[in-house]
Structures are given as C-alpha cells and as structure tokens.
Engineer: 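First the structure, then my questions, so here it is.
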Amino acid sequence: MRAGPGGGKTSALREWARTRPEVPVTWLARADDATLVEELCQALDAPAGWLRSVGPAANDPARTAALAAELGAALSRSTVVVIDEAERLAPETFGARLLEGLCRHGGDNLHLVLISRSAVPFPIQRMCGLGHVLQVSAEQLSFSPEETRSLAGVVLEEEAEELAREVQNLTAGWPVAVRLALSWLRGVPAKDRLGRLAAGPVFDYLVEEVLNGGDARTHEFLRTVAALPWFTPELCTAIGLDISRNEIDALAAQHILITRREDRYGVTTLVREYVGQADRQPRAARWYEERGFIREALAVSGDPVHLVAMIERWWEALLAEGHPAELARACRAVPKKLRSSAVDLAEGQARQVQGDWAGALECLRHAEATDPAVAWRIGMIYYHRGDYRTALKAFERGVLTEEPTPDEAMLLAWTASARWLLGDVADAEDLARRALTMASTCGDERAAACAHIALAMVTHDEGDLAASERHSALALAAAEGSGDLLLAVRVLANRASGRTEEARYAEALEDLELAVRRAELVGAPVNAAIALHNRAEALMGLGRLDEALADFGQARDIFGRVGSDKLGHPLAGLGRVHLELGDLTRAKVSYENALRHAEQLQNVQLTQSILAGLARIQVVDDPSGALNLAERAVAAGGGSGQAGALLAAGWVHAEIGDRATAAAYARSARALATNRRDRAGTAEALELSALVVAGSPGERDELFEAAARIWRQIGSSLGMARNRFARACLGDGLGEEELELRRGGIRNPHDSGAGLLRAVALLDQSAVLFCVLGGVRLSRYGRSVGAAEWQSRKARDLLTWLVCQRGRPVAREAAMEVLWPGEEPAKCANRLSVALSTVRSVLDPQRKFGEFVRADKYTIQLTGLRVDVEEFLSAAAKALESQDDDLLVAAEARYTGNVCEDSPYCDWLEPLREEALAVYQALLRKLAVRAQQVDDHDRAVRYLLRLLERDGFDEVAHLDLVRTLTRARRHGEARRRYRIYVEAMGELGVEPAPLS
C-alpha cells in the first residue's frame with residue numbers, strides 16, 4: 001500500500017481490520033533494520049533457536065531466504081503482519097532481505113502488508129505478474145467526489161454540493177487534505193465557506209509534510225510545470241528541466257503533487273494554487289504547437305510575437321474545432337500595439353460564436369468594411385441576430401476583385417442566404433451558384449458548404465425537394481471535410497428543417513440530436529437554439545407536444561439571453577403548440593409577441609405562418625377579423641408557409657359557412673402541398689375537403705381514409721388520433737377515440753381553433769358550456785359567443801365570479817362589492833339587476849335550457865350550468881380515487897390551462913385557481929409514476945414536462961425528469977435538463993441536489 005503522507009494508508013487498513021475481527025493482525029510501526037527482526041520473531045512466535053541463526057545469515061541472501069521459509073513453515077494459523085512506514089527500511093539490508101524472503105517463501109499462512117510512502121525496497125515485478133501481490137495506490141486511496149460530498153454532509157451538517165466539488169478539485173481527493181479542509185470550514189459561517197476555502201490549513205500541511213521534505217530541484221520542477229496544462233517527460237527535457245521519467249512516476253505515485261492520466265501528467269490544483277502564477281513558457285508553447293496542441297500552446301505562450309503568429313495561423317481551425325472561448329482569451333492577451341487585422345477578425349468571430357454580438361462588432365469596427373473577409377463576418381453577426389436587412393447591407397459593402405478568393409466565395413454564399421430569407425429567391429439562386437463556382441475554383445470546402453446551404457434553401461422553396469436534399473448532403477460532406485463543426489451544425493439544422501416540412505420527422509430528429517450535441521460542444525448558443533427550435537418542429541410533427549413545448553421554450557430563452565432577433569421563431573412555435581393543445585389564450589399571446597418581431601424584421605415567411613395561426617384563433621371570437629388575417633396570410637407570399645396559409649383560410653371560411661370558398665382553398669392547398677411533397681399539409685387538405693368538398697358520405701369517408709394513410713406513413717400519432725376522432729363524431733359516435741386524443745395532449749377537442757377538431761365539434765348543437773380554464777369563453781349551441789354579444793364586461797365578470805362560488809348562494813352585496821368596489825350598494829343594485837339579465841340572455845336567449853341563475857331579493861346562485869373547471873375537478877376526484885389509468889388520462893386532459901389566465905391579478909379567482917392547479921399537478925405526478933413503473937419513459941417524460949410547464953421550480957419534477965431520461969438512455973438530454981434544473985434552483989438561491 002503506497003501513498004504520500006496523509007494518503008489514508010493506515011486509516012484504510014485499520015478500518016479493514018476493524019470489520020474483520022476474526023482475522024488476527026499484528027501491527028509493526030516505525031520498525032527499522034535494527035528492530036525489525038526481533039519484532040517479527042515476537043509477532044510470528046519464532047521457534048527456539050531461530051534468533052541465534054540470524055547472525056550468520058545477515059550477509060548471506062541464500063541463508064536469509066531459508067530462514068524466512070523456516071519461519072513461515074512454523075506458522076500454524078493464518079496470520080496478517082502489517083509493516084507500517086516500510087520506507088524506513090533501506091534496500092540490501094538484512095531487514096529488507098528478510099521481508100523479501102518472507103514474501104517469497106513465507107507460505108500460505110503468512111500475509112504481509114507493507115505500508116510505505118515510497119517503493120518497496122526489493123523487486124516485486126515477478127510476484128505481481130504471478131498474482132501474488134495486491135498493490136493499492138494513492139489514487140485508489142484518495143476520496144472519490146461522492147465520498148468527499150458524503151463526508152462534507154457529515155462534517156458540515158448540511159448539503160454542500162458546490163463546496164464539496166471545490167474541495168475535491170483543490171485536493172484531488174487527498175484524504176488528509178479533504179479532512180483538514182472540511183474540519184476547518186466547519187468553524188466558518190456557511191455563507192463564507194466557499195470564498196475562504198483557499199485560506200484554510202491545507203496549504204500549511206502541504207508545506208510542512210510534503211514540500212519541506214523535498215529538495216530545491218523538486219520545488220523548481222513543480223514551479224515550472226505548474227504553469228502547464230499538462231506535461232510529459234519529453235516536454236520537461238525540451239524546456240530544460242533535469243528530471244527523469246522514474247522521478248516523475250515516483251512523485252505521481254503519491255497522488256499529492258502531480259497526477260497521471262495515461263501518458264500525461266498534471267500538477268494538482270493544491271500545488272498549483274500554492275505555487276501561484278508561474279512564468280509562462282515560450283519553449284513549452286513551441287513544443288505544444290509543433291505537435292498540434294494549439295490550445296495548450298496559446299495558454300502558455302509568453303512571447304507576444306509568437307502568440308500573434310499562432311492566432312493568425314490557427315484561429316480558423318480553432319473555431320472549426322469548437323474552441324471559441326480559448327481563442328477569444330488568447331486574442332485578449334495580445335498587446336494593443338501588436339494587434340493585427342487577423343487578430344481582430346479572430347476575436348470578433350470567436351465572440352460572435354459565443355453570442356457576444358456587441359463584443360464581436362467592437363472587434364471589427366476598425367477593420368476595412370469593404371474587405372470581403374470583414375464584410376461577410378460582420379454581415380454574419382447581423383444574420384445570426386435575425387436582422388437580415390442590416391446583414392445584407394454589410395454583405396453588399398464587400399468589394400469583389402478579379403481574382404476569386406475563399407472569402408469572396410463566402411461573401412456571395414452568405415449574401416445568397418440573406419436574399420432568400422428576404423424573399424428574393426431569383427437573386428439568391430444566382431448568387432449561390434456564383435459562390436459555388438468560385439469556391440470550386442479556390443478549392444475551399446467551407447465556402448462550398450455555405451454555397452450548397454443557400455442552394456438547398458432556394459431549391460426547397462421552389463419545390464425541388466430532391467435537389468434540396470442533394471445540396472444538403474453536399475454541404476454536409478464539405479463542412480465535415482473542412483473540419484468545421486459549427487458549419488456542420490448549420491447544415492444539419494437546415495436539412496432537418498426541410499425534412500420536417502416533408503414529414504420525414506424521424507430523419508429530421510437524427511440530424512437535430514447531432515446538431516444540438518455539436519452546438520453545445522463548440523459553445524455556440526445561437527446555433528444550439530436554432531437546432532432546438534428545429535427539433536421542436538419535428539417533435540410536433542410526431543405529436544410529442546410536451547417535448548416540443550420544452551424545446552421551443554429553451555430556444556426562446558437562449559435567443560432572449562443573447563439578444564437575437566430570431567426570438568420570433570420559437571415564439572411562433574410556442575403559439576403553434578398551444579394552438580394544437582387547445583390553449584387559445586396562450587397561443588394568441590405567443591403569436592402576437594412573435595408577430596412584432598417578424599414585422600419589425602420584415603420576415604415574410606415567419607409573418608405568413610403567424611398570421612395563419614392567429615386567423616385560426618381569432619375565428620372563435622371574431623370571425624370577420626379572422627377572415628382578414630387569413631387573407632393577409634395567403635397574400636403574404638408563396639414560400640414554404642403558403643400551404644399552411646391556404647389551409648387556415650379554408651378552415652376559417654368553413655366555420656363561417658362559406659363552403660364554396662373553403663372548398664376552393666382546400667383544392668389549392670392540396671395541390672400545392674402535393675407538389676412540394678408536404679405530406680402533413682396534404683393530409684390536412686384532404687380532411688378539409690372531406691368536410692367542404694365531398695358530395696356524399698362515401699366520398700367523405702374515402703377522403704378521410706386517404707388522410708389517415710398519410711398520417712400513418714409519416715408516423716404522426718396526433719394526426720391519426722384527430723382523424724379517428726372526427727370520423728367517430730361523424731359516424732357511430734365516440735368510443736375510445738376521445739380518450740386517445742386526450743392521451744396525445746389535446747386537452748379538450750371542443751376548445752380548438754379553426755381546424756378539423758373544431759369543425760366536427762360545431763356539429764354538436766345541444767350544450768351550453770362555460771369555460772374558465774385557460775381563458776373565459778362561452779359555447780352555446782355549438783358555437784362560441786363573441787365579445788359583442790356579451791354587451792358588458794361586468795356581466796361576464798359576474799358569471800365568472802359566480803363560478804368561483806362553486807354553486808353556493810351568495811349575497812347580492814358581495815357581488816356588488818366585487819363588481820363595483822367601494823361604491824354604495826344602493827347605487828349598484830340596479831346595475832347588478834341589469835348584469836344578471838344580460839347573463840341570463842347570453843346563456844339562453846331562446847329560454848331552451850331552464851334557469852341557470854337563480855336570484856331573489858337577497859342572494860344569487862348559479863345552478864345547472866356546465867362549467868369546465870367543475871367537470872375537471874369531478875373527473876379528477878373520481879380518477880384519483882379509482883386509480884384507473886384511463887380515467888386519470890381523461891381527467892388530466894380536461895385541464896386546458898390555469899383558471900382565467902387572461903385575468904392573472906384578480907384576487908377572488910385565486911382559491912379556485914390554486915385548487916384546480918394543485919389537483920392537476922397531483923394527476924400529473926400520479927400519471928408520471930404509473931408510466932415509470934411500467935418503464936414507459938416517453939410517456940413519463942411528457943407528464944413531467946407538463947408539470948414543469950406549470951411550475952418551472954418544481955425540484956422533484958426536475959430530478960424525476962433527469963432520472964427518467966437517464967433510464968431511457970437519453971444521456972445528452974438528461975445532462976441538459978440537469979443544467980436547466982441547476983439554473984432554476986440558482987434563481988431561488990437553493991443548493992441543487994447532486995446528479996445521482
């Protein structure tokens with residue numbers, strides 16, 4: 001057992017002996033050559049006369065071996081002998097030879113344990129090879145991160161994850177240092193512990209027990225290599241250190257001063273902090289660079305001229321390999337008088353990759369804007385921010401020369417992408433083809449990849465999806481051939497976007513999983529956000545709405561954090577998910593926020609999709625406004641969003657009863673979607689046609705079946721569920737279809753925006769339903785009651801307040817105080833009567849359903865009205881009591897949003913709001929547990945994401961989600977969700993739990 005001072009050797013062995021009382025252990029401590037023989041004789045009950053034989057054998061190795069064999073043979077029982085501090089024995093002495101003899105010839109009953117700070121004083125390689133020796137190293141004795149965390153919890157009597165991590169990092173698990181640090185920290189106030197860790201007694205112990213015992217040569221070695229990220233014996237020789245490999249190995253074996261990882265060595269954090277900031281090593285920098293370790297060379301270079309040369313030579317490769325932070329750090333270290341335009345370019349692009357837009361532009365502001373190398377990089381900054389018009393202006397400032405260069409090809413390719421995004425498809429294609437020709441002439445793969453990206457977008461927009469796929473494949477091959485990971489991320493995200501439009505969702509997800517991992521690997525938040533957004537689109541296509549909601553939310557947060565104008569895209573995505581879920585209030589808010597960004601940037605394609613979504617929502621309350629939005633969407637352009645705009649217009653016209661116009665839009669949408677290989681669009685167009693074009697039930701069924709085949713082919717569980725629900729409503733009535741739809745996340749089919757579910761729900765003309773989950777809405781005779789029919793906001797508020805009274809009779813004075821706070825009751829009595837009359841009229845203008853509101857001289861009471869929150873609470877109570885899976889699913893799906901989300905600050909809503917939310921969370925927890933019990937990880941993830949959507953600080957849900965993703969072997973997602981959990985706890989000032 002070999003380790004340095006304080007390595008835990010003796011403690012580990014004593015603990016082992018304590019747990020095995022049946023094993024006799026003899027402990028010989030501080031024995032040297034003069035005392036060892038006598039103590040061994042006593043420990044092993046040496047036979048009479050054995051000691052007298054020692055004298056003649058002292059200088060005879062053969063006789064010593066024979067005596068050792070005789071001593072071992074005399075043992076009658078199994079015996080363990082521990083020689084502590086065996087480093088006190090010098091090689092080639094009698095004591096050392098005797099121990100060697102006992103190891104080799106002591107027999108089966110003798111077990112020797114040598115505890116030492118240095119190597120054993122005799123050779124043991126052959127015995128090790130035969131399996132006769134168990135070696136325990138300092139590294140094995142050192143505390144693991146988990147052990148340090150556990151000990152910290154015991155010593156400090158609190159959960160101290162971050163502090164334990166810092167202690168482990170400082171000490172490398174050196175046991176005595178860990179104990180010293182934690183014991184000292186126990187006397188420090190908890191809030192000050194992290195900041196005062198380095199001021200503790202650990203350094204004193206290091207100096208006293210370790211460094212003071214070494215020589216000046218070892219100190220100089222440590223001081224020099226402490227400045228290096230890692231070193232090898234060859235590097236030590238190259239920079240003039242006089243130390244052998246064996247000496248380095250001996251120091252590494254202690255696991256205190258230096259540690260070893262494969263063929264490299266590194267100074268421990270404790271020693272590095274004790275030594276302090278050592279001088280940089282120009283010779284080491286050159287050694288690293290010659291062998292291709294550029295990051296290490298930049299980190300230690302002490303020669304500013306060489307540092308500039310390295311940046312100019314390697315900066316593009318560093319960015320391509322995903323090291324923007326290291327590059328930016330090196331650029332900042334260059335003295336101002338030595339900065340070149342290449343250093344400015346390098347730092348600018350490194351900052352841009354990290355999302356530091358202002359810093360990137362500051363680095364480039366002194367550069368020549370007409371230089372193509374500068375122009376395309378400045379333009380790219382604005383491009384990634386989403387400000388495409390400013391990006392185009394920057395691109396167009398670049399001046400082309402007669403001799404093509406890679407930077408000129410890049411300039412043309414980026415200009416083509418900006419032109420395409422601004423709707424100028426013809427110019428975009430011309431520029432992209434010129435860029436490709438120029439890149440081919442220069443032999444530059446990065447420029448070729450950018451040109452192919454632009455051509456992939458152009459051909460996709462033109463409907464030539466085969467050509468788009470071909471250009472994407474060529475772009476990916478060129479990007480990977482150039483070694484540019486960041487460019488490969490861009491290609492993967494763009495290709496996945498096209499595949500999603502074609503409903504090739506599984507293929508798109510493969511691309512996007514890789515894109516997200518690579519973007520995080522290279523530290524590029526904007527690219528990660530783009531990949532997350534595109535992944536959410538693919539997840540939506542597969543009907544995995546909760547996962548899509550989470551990805552859109554993460555993309556929104558990243559874009560917001562770095563100040564990117566691309567924020568409108570994930571906001572629009574959130575609107576689409578909420579629209580699918582039937583949460584129209586939140587959908588409208590998300591869409592309206594997205595529209596502001598899209599119109600500000602004049603992004604035609606994004607604006608078109610947002611207008612189409614808003615039209616589907618608006619038709620519920622304002623059909624004429626919805627018609628206007630739909631027509632604006634159709635007129636906005638003819639790009640990838642045109643089919644969606646035509647479908648939105650068709651559904652809106654169908655709702656207002658204009659079947660002829662709806663049929664025309666259905667035919668146009670079907671033709672366009674089929675031409676573009678937009679299979680999801682084709683399926684929806686078929687379903688619209690089934691309702692507004694079909695002339696007979698047979699033709700209608702054929703159209704529905706054709707749509708169902710497409711939904712099955714593309715793997716859209718939600719599309720299939722919607723289709724089956726609609727056919728059941730139009731046929732023999734609902735069975736399992738509604739439950740299946742709710743399992744997919746659709747909370748209430750009757751609350752959807754314009755589309756298939758709403759169209760078939762409107763066929764039910766029998767019910768009056770008042771809804772407060774999500775937003776306040778009233779459905780009467782199968783149609784929504786608009787704001788104009790209410791006549792008075794007070795009437796609607798009165799009905800909402802009565803709902804919150806849960807059927808109890810309430811005093812008229814209480815209602816007046818709520819509606820007209822602070823006013824005299826006598827003045828409000830007539831107003832209340834008018835409001836009551838309006839409520840009755842709106843609920844049942846034809847007096848078909850009886851009395852919904854009872855009122856006398858003193859009280860008011862709501863009776864007999866269907867209210868969604870009451871139906872939810874009743875269904876939830878039955879489901880939780882019965883524990884029936886189907887009832888739990890159906891009850892959970894009834895929750896379409898928090899009570900009156902459109903009135904967030906109304907105090908009298910809080911009791912009902914909190915009760916409904918608590919019941920909903922209980923349902924989600926139960927469903928998540930049920931899914932985990934049967935290893936249905938995907939279903940468990942969906943329910944846990946819904947929990948977190950309602951409460952982003954639910955620690956139990958966060959940790960359950962991480963564990964579920966880990967069990968599903970989705971390790972990348974588990975790590976990402978754990979980071980999100982840590983950030984959420986940080987906002988609350990709560991120490992996060994460890995990742996178990």
Engineer: Measure across Arg659 and Leu691 and return the closest heavy-atom pair with its distance rounded to 0.1 Å.
Structural biologist: NH1-O, 2.8 Å
Engineer: Using atom types as modelled and distance alone, determine if a side-chain donor or acceptor of Arg670 lies under 3.5 Å from a backbone N or O of Leu688.
Structural biologist: no
Engineer: Output every pair passing ring-ring contact (aromatic ring centres under 6.0 Å, His included) with a member in residues 871-892, not counting sequence neighbours, ordered by first then second residue.
Structural biologist: Phe872-Tyr895
Engineer: Minimum heavy-atom separation for Val869 to Ala916, with atom names?
Structural biologist: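 Heavy atoms only, the tightest pair is CG2-CB, 4.1 Å.
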Engineer: So, for Ala662 and Gly650, which heavy atoms are closest and what is the spacing to 0.1 Å?
Structural biologist: CB-O, 3.3 Å
Engineer: Might you point out which heavy atoms bring Val693 and Glu699 nearest each other, and give the distance in Å?
Structural biologist: O-OE2, 4.5 Å
Engineer: Quick one, Cys804 and Glu910 - any side-chain contact, counting heavy atoms below 4.5 Å?
Structural biologist: no
Engineer: Check whether Gln608 reaches the backbone of Ala633 with its side chain - one donor and one acceptor, N or O, closer than 3.5 Å.
Structural biologist: yes
Engineer: Only one of Lys926, Arg930, Arg939 clears salt bridge (charged side-chain N to carboxylate O under 4.0 Å, His left out) with Asp885; which?
Structural biologist: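 Exactly one pass, corresponding to Arg930.
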Engineer: Distance-only, no hydrogens or angles: does the Thr896 side chain make a donor-acceptor pair with backbone N or O of Leu773 under 3.5 Å?
Structural biologist: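 Yes, because the side chain of Thr896 sits within donor-acceptor range (under 3.5 Å) of the backbone of Leu773.
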Engineer: Output, in order, the C-alpha distance, side-chain angles, deciding distance and verdict of salt bridge (charged side-chain N to carboxylate O under 4.0 Å, His left out) for Glu684 and Arg616.
Structural biologist: CA-CA 14 Å; Glu684 188 177 356; Arg616 289 176 182 254; 2.9 Å; yes
Engineer: With a 3.5 Å distance limit and no angle check, can you tell me whether Asp868 reaches the backbone of Leu769 through a side-chain donor-acceptor pair?
Structural biologist: no
Engineer: When you compare the side chain of His569 with that of Phe552, does any pair of heavy atoms fall below 4.5 Å?
Structural biologist: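 The answer is no; the side chains never approach within 4.5 Å.
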Engineer: Mind checking whether Asp583 and Glu901 have side chains closer than 4.5 Å, heavy atoms only?
Structural biologist: yes
